[in-house]
Amino acid sequence: MTLNPTSFQRRGFILVISSPSGAGKTTIAQQILERDFNVQRSISITDRPARPNERDGIDYFFVTPEKFSTLLEEGAFLEHTENHGIRYGTPKAAVEETLKVGKDLIFVIDVKGGRFLRESMREDVVSVFILPPSVQEQKHRLELRGGDSAKMITTRLTTARSEFPCAPEYDYIVINDDLDQATSKVEAIIRAERQRSIRFTNLPHLITLLEDELKDIL
Ligand code: ADP
Ligand code: 5GP
C-alpha cells in the first residue's frame, strides 16, 4: 500500500475572518477565493442597500427588512447579527454538505458571529482577526472605499472600540499592511489547518492498513 494525499478523506473547515470595518478582511477573502478553488465563500444575507460596486448574489444577498424578518422566523440562519441598525445573517443551507465533501468555507463576519460560531462549532472553525496597521490608515481606507457617509464612517470607527479587544479570542492575528503579504499569511494558515489530524475522517482506517502491512512484513 502507498499512501498519498488523495488517500485521505478530509472534512472541510470554516475560516472565520473578522476585523473592524475598513481593515481589509473582505479584500483578503476575495484574493484567497480567486487563488484557491477549494475554498468557497458563504454569501451573507443583509437588509442594507448595496454599495455602488456591490452585486446581489455575489457580495451579499440584499433583501428588504421584512424579508429578513421572515427568514429569521423560518430559522434560515446559522447565525445572525445587527450592526448599526443593519442586519446580517449566514444562511444555514449547504454549510454541512460543503464541509462533508472536504471543501472549506470563508465567513467574513463580525466579532459577535465569530464568537457564536467558535462556541457552537468549535472543531469546524478556524478564526483569523485582521488588524489595520493604524486607525488613521483604516479611516483612510473607509474613505477611499466610498459608499459610506462621513457619519457612517465615524459610526464604524466607533464600533472598532468594542471590536479591537476581541482580537485575543481569535486563533490567529494578521496585520493587513501590505495586502499580498497579509493574504499569504492567511493562505499559510489554511494550508496548515488542512493537515490537522481531526480533519482526516478516515485516518483510523489508513492507520489500520499500515498496521496490517507491518504485520505482513515482520
Ligand atoms: P473590510 O471588509 O474589513 O471592511 P475592505 O476589504 O472593504 O474592508 O477594505 C476597505 C478598503 O481598503 C477597500 O477599498 C480596499 O480596497 C482597501 N484595502 C484593503 N486592504 C488594503 C491594503 N493592504 N492596503 C491598502 N488598501 C487596502
Ligand atoms: P458591511 O456593511 O461593511 O458589509 O459589514 C458590516 C459588518 O457586518 C462587518 O463586520 C461584516 O463582517 C459583518 N457581517 C457581514 N455578514 C455577516 C453575517 O452573515 N454574520 C455576521 N455575524 N456578521 C456579518
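As the structure lists them, so they are numbered: ligands from 1, and atoms in each ligand from 1. If you read the sequence from its start, that first residue is 1, and numbering goes on from there.
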Atom 2 (O) of ligand 2 [closest protein heavy-atom partner, distance rounded to 0.1 Å]: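 Result for atom 2 (O) of ligand 2: Tyr88 OH, 2.5 Å.
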Check: Glu163 N/O within less than 3.5 Å of ligand 2 N/O: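 N/O-N/O distance under 3.5 Å: no.
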N or O contact, His80 vs ligand 2, cut-off under 3.5 Å: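 No.
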Lys/Arg-Asp/Glu bridge criterion (N-O < 4.0 Å) met for Arg194, Asp36: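 A salt bridge links Arg194 with Asp36.
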Electrostatic pair Arg115:Glu119 at N-O distance under 4.0 angstrom: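 Judged by the 4.0 Å cut-off on N to carboxylate O distance, Arg115 and Glu119 do not form a salt bridge.
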Short side-chain donor-acceptor distance under 3.5 Å, Asn176 and Lys25: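 No, Asn176 and Lys25 have no side-chain donor paired with an acceptor closer than 3.5 Å.
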Geometric class of the Phe68/Phe77 ring pair [parallel <30°, tilted 30-60°, perpendicular >60°]: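 Ring orientation, 0 to 90° scale: parallel.
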Those protein residues which place at least one heavy atom below 4.0 Å from ligand 1: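 Shell around ligand 1 (4.0 Å, heavy atoms): Ser19, Pro20, Ser21, Gly22, Ala23, Gly24, Lys25, Thr26, Thr27, Arg141, Arg145, Asn176, Asp177, Leu179.
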Spacing of Arg11 atom CZ and Thr201 atom OG1 [to the nearest 0.5 Å]: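 Arg11 CZ to Thr201 OG1: 9.0 Å, rounded to 0.5 Å.
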Among Thr81, Asp47, Thr46, side chain to side chain donor-acceptor pair (under 3.5 Å) partner for Arg87: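 When side chain to side chain donor-acceptor pair (under 3.5 Å) is applied between Arg87 and each of Thr81, Asp47, Thr46, only Asp47 qualifies.
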Residue from Ser19, Ser127, Ser18 passing side chain to side chain donor-acceptor pair (under 3.5 Å) with Tyr170: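 Single side chain to side chain donor-acceptor pair (under 3.5 Å) partner of Tyr170 among Ser19, Ser127, Ser18: Ser18.
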Side chain, backbone, both or neither: the part of Arg156 lying under 4.0 Å from ligand 2 by heavy atom: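 Near ligand 2, Arg156 shows its side chain, while the N, CA, C and O stay back.
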Cation-pi geometry met for Arg55 and Phe62 (6.0 Å, 45°):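 No; the conditions do not both hold, so Arg55 does not lie above the ring face of Phe62.
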